[in-house]
Amino acid sequence: MTAYWTTHPGPLGDLLLTCDATGALTSLTVPGAPGAKGLPAPGTVRDDAPFAEARRELDAYFAGERDRFTLRLAPPPATDFRRRVWAALDEIPYGTTVSYGQLAAAIGVGGPAVRAVGGAIGANPLLIVRPCHRVVGADGSLTGYAGGLERKTWLLGLERTRTAVPVG
C-alpha cells in the first residue's frame, strides 16, 4: 500500500506531513523533532495532492482563523494506553492548557502513571494537529515538546492572542 509525504512551509519551519493511501494523515513533524528522524519512510512517495486539505487547515490555524482540525487521522499502531492519551489530547480546548497530572486523571490514571502519560505525549506523531503543546507542568511551566520549547511557546501564544510572530 502506497504512502505519501510532503513538506509545507509555515511559521514553525517546513512541516513534514505523511499520509496513507486513503489520504489520512499519519504524521506531522516540525524541523528537528525527534520523531522526524527517518521520515519520510522508505517506500513513501512525494506527492502534494493528498495534502490539500491539511495545507488549508494548517494555513487557517496559523492565521488564527481555525481552532480545531477536522482532518482524517491514521497514526501508526500504538498501545491502548497511548491511544487513550492521544484521544485525551484531542479533547483539550483551543487556547487552554492542562497539566500532565490533569491529563492522567482524565484517562483514569494517576500517581506514577503521570510519567507514562508524558512518554505517550512525547510519542505523539501528529504535532500541532493533536495538540500536545497544550500540556504543561503542574506549576504551569512549559515542559518538553518534541518541536522545541520555542515552538511550544509560539503555538500557545497564537492560541491565546490569535496574533503571533513567526519563529526564527
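Scope of the values below: all heavy atoms of this structure, side chains included, with no hydrogens, waters or symmetry mates.
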Do you know the tightest heavy-atom contact between R72 and G23?
NH2-C, 3.6 Å
Euclidean distance, Y4 OH relative to T44 OG1, rounded to 0.5 Å:
10.5 Å
Between R134 and E159, does at least one N-O distance fall below 4.0 Å, as a salt bridge requires?
yes
Polar side chain donor-acceptor pair, T79 to R84, under 3.5 angstrom
no
What about L103 and V114, same hydrophobic cluster or not, with Ile/Leu/Val/Met/Phe/Trp/Tyr joined at side-chain heavy-atom distances under 4.5 Å?
yes
Give the intermediate values and the outcome of side-chain contact (heavy atoms from CB on, under 4.5 Å) for residues V135 and L89.
CA-CA 8 Å; V135 182; L89 289 174; 3.6 Å; yes
Interatomic distance, R66 atom CZ to Y94 atom OH [nearest 0.5 angstrom]:
11.0 Å
Under the side-chain contact (heavy atoms from CB on, under 4.5 Å) rule, what do Y61 and L155 come out as? Steps first, then yes or no, please.
CA-CA 10 Å; Y61 171 79; L155 289 164; 3.7 Å; yes
Please find out if less than 6.0 Å separates the ring center of W86 from that of F81.
no
Which atom pair, heavy atoms only, marks the closest approach of P75 to R130?
CG-NH1, 3.9 Å
Closest non-hydrogen atom pair, G147 against V30
CA-CG2, 3.3 Å
To the nearest 0.5 angstrom, please state how far the NZ atom of K152 sits from the CD1 atom of I128.
13.5 Å
With side chain to side chain donor-acceptor pair (under 3.5 Å) as the criterion, how do D48 and H8 come out once you've worked through the C-alpha distance, each side chain's angles and the decisive distance to 0.1 Å?
CA-CA 9 Å; D48 296 341; H8 184 64; over 6 Å; no
Do Y100 and T143 pair up side chain to side chain, a donor and an acceptor below 3.5 Å, judged on atom types alone?
yes
Work out which heavy atom in G137 is nearest to a heavy atom in S99; give both atom names and the distance.
O-CB, 4.0 Å
Whether over 12 other heavy atoms sit under 6.0 Å from R68 CZ:
no
Would you say the side chain of I107 lies within less than 4.5 Å of the side chain of V85, judging by non-hydrogen atoms?
yes
Any side-chain heavy-atom pair from I92 and T97 closer than 4.5 angstrom?
no
Side chains of L126 and L73: does their closest heavy-atom pair fall under 4.5 Å?
yes
Tell me, yes or no, whether the heavy-atom count around R46 atom CZ, taken from other residues, nucleotides or ligands under 6.0 Å, exceeds 12.
yes
Hey, what do you get for SG (C132) to CG (N124), rounding to the nearest 0.5 Å?
4.5 Å
Candidate list T6, T29, T26, test side-chain hydrogen bond (donor to acceptor under 3.5 Å, both in side chains), partner T18, passing option:
T26
Report the C-alpha distance between Y145 and T153 in whole Å, list the side-chain angles of each, state the deciding distance to 0.1 Å, and finish with yes or no for side-chain contact (heavy atoms from CB on, under 4.5 Å).
CA-CA 10 Å; Y145 181 64; T153 300; over 6 Å; no
Which heavy-atom pair separates R55 from T7 by the least distance, and what is that distance?
NH2-O, 2.9 Å
Applying side-chain contact (heavy atoms from CB on, under 4.5 Å), run through L28 and L58 and close with a yes or a no.
CA-CA 11 Å; L28 189 159; L58 285 163; 3.9 Å; yes
Would you say I121 ends up clustered with L156 if hydrophobic residues are merged whenever their side chains have heavy atoms under 4.5 Å apart, either directly or through other cluster members?
no
To the nearest 0.5 Å, atom CG of L71 lies from atom CZ of R56 at 10.0 Å
Is any side-chain heavy atom of W5 closer than 4.5 Å to one of V45?
no
Might you point out which heavy atoms bring D90 and P131 nearest each other, and give the distance in Å?
OD1-CD, 4.1 Å
